[in-house]
Amino acid sequence: AVVSTQSGHYGRASLSVLFNNIDGNASNFDNFVADISQYKHNFSVIALAETNIDEESKDLYRIGGYTSEYSSKITGKKKGSGLGIYIENKYQYNRLEKFCKCTENLESLFI
């Protein structure tokens with residue numbers, strides 16, 4: 001899914017968000033990065049679901065021009081868990097820990 005707020009008149013800023021269920025960084029990340037490069041657009045935010053990695057492994061999965069935040073997969077669950085958000089470097093942000101949750105029924109990562 002791609003959400004974009006187009007730049008209006010008088011030079012207003014725009015924000016574009018790309019969401020993808022990656023179904024595992026280890027097997028799909030390189031192809032995903034190659035595929036999104038075809039857009040010839042720097043998305044403001046790229047959000048990934050089902051990364052299947054722990055937060056400590058995030059530096060293995062970099063996208064040039066972006067800073068990433070990850071939420072670890074559910075302990076003991078091999079597939080279908082874990083979140084990642086890539087924020088374009090031109091933006092300042094804070095991770096909102098009080099909203100970040102990882103349970104059997106809800107995984108959320110807020111910036």
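Any value given below was found using the heavy atoms of this structure, including those in side chains, with hydrogens, waters and symmetry copies removed. All residue numbers refer to positions in the sequence shown, counting from 1.
Around atom CZ of Arg62, no more than 12 heavy atoms belonging to other residues, nucleotides or ligands sit under 6.0 Å away. Applying the 6.0 Å contact sphere to CD of Glu97 captures more than 12 heavy atoms from other residues, nucleotides or ligands.
Shortest non-hydrogen contact noted between Ala34 and Ser37 is O-OG, 2.6 Å. The two residues Glu50 and Ile22 have their closest heavy-atom pair at O-CG2, 3.6 Å. Here the shortest heavy-atom pairing between Glu55 and Ser72 reads N-OG, 2.7 Å. Counting all heavy atoms, side chain and backbone alike, Cys100 lies closest to Arg95 at SG-NE, 4.0 Å.
In the hydrophobic cluster analysis, where Ile, Leu, Val, Met, Phe, Trp and Tyr join through side-chain heavy atoms closer than 4.5 angstrom, Leu106 is grouped apart from Leu109. Grouping the Ile, Leu, Val, Met, Phe, Trp and Tyr side chains by contacts below 4.5 angstrom, directly or via other members, places Leu96 apart from Ile85.
With rounding to the nearest 0.5 angstrom, the NZ atom of Lys73 is 9.0 Å from the OG atom of Ser57. With rounding to the nearest 0.5 angstrom, the CG atom of Leu48 is 8.0 Å from the CZ atom of Phe19. Atom CG of Leu18 and atom CD1 of Ile36 lie 6.0 Å apart (nearest 0.5 Å). Between the CD1 atom in Ile53 and the OH atom in Tyr70 there is a gap of 4.5 Å [rounded to 0.5 Å].
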Begin from the C-alpha positions of Ile111 and Tyr91 and carry the test side-chain contact (heavy atoms from CB on, under 4.5 Å) through to its verdict.
CA-CA 11 Å; Ile111 56 166; Tyr91 294 101; over 6 Å; no
side-chain contact (heavy atoms from CB on, under 4.5 Å), that's the test. Do Asp23 and Lys79 meet it? Break it down for me.
CA-CA 8 Å; Asp23 194 27; Lys79 220 169 146 35; 2.7 Å; yes
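In this structure, Phe29 and Phe32 have tilted ring planes: the angle between them lies in the 30° to 60° band. Below 30°, between 30° and 60°, or above 60°: for Tyr66 and Tyr86 the angle between ring planes is above 60°, a perpendicular geometry. By the 30° and 60° cut-offs, the orientation of the rings of Phe99 relative to Phe110 is tilted.
By the 4.5 Å heavy-atom criterion applied to side chains, Gln92 and Ile87 are not counted as neighbours. For the pair Thr51 and Leu83, the minimum side-chain heavy-atom distance is 4.5 Å or more. Residues Ser71 and Lys101 have side chains not in contact (no heavy-atom distance under 4.5 Å, counting atoms from C-beta outward). You'll find the side chain of Phe43 stays beyond 4.5 Å of the side chain of Ile63, heavy atoms only.
At distances below 3.5 Å, at least one donor-acceptor pair connects side-chain atoms of Ser16 with backbone N or O atoms of Ser44. Formation of a donor-acceptor pair under 3.5 Å by the Asn52 side chain with backbone atoms of Asn25 is not found in this model.
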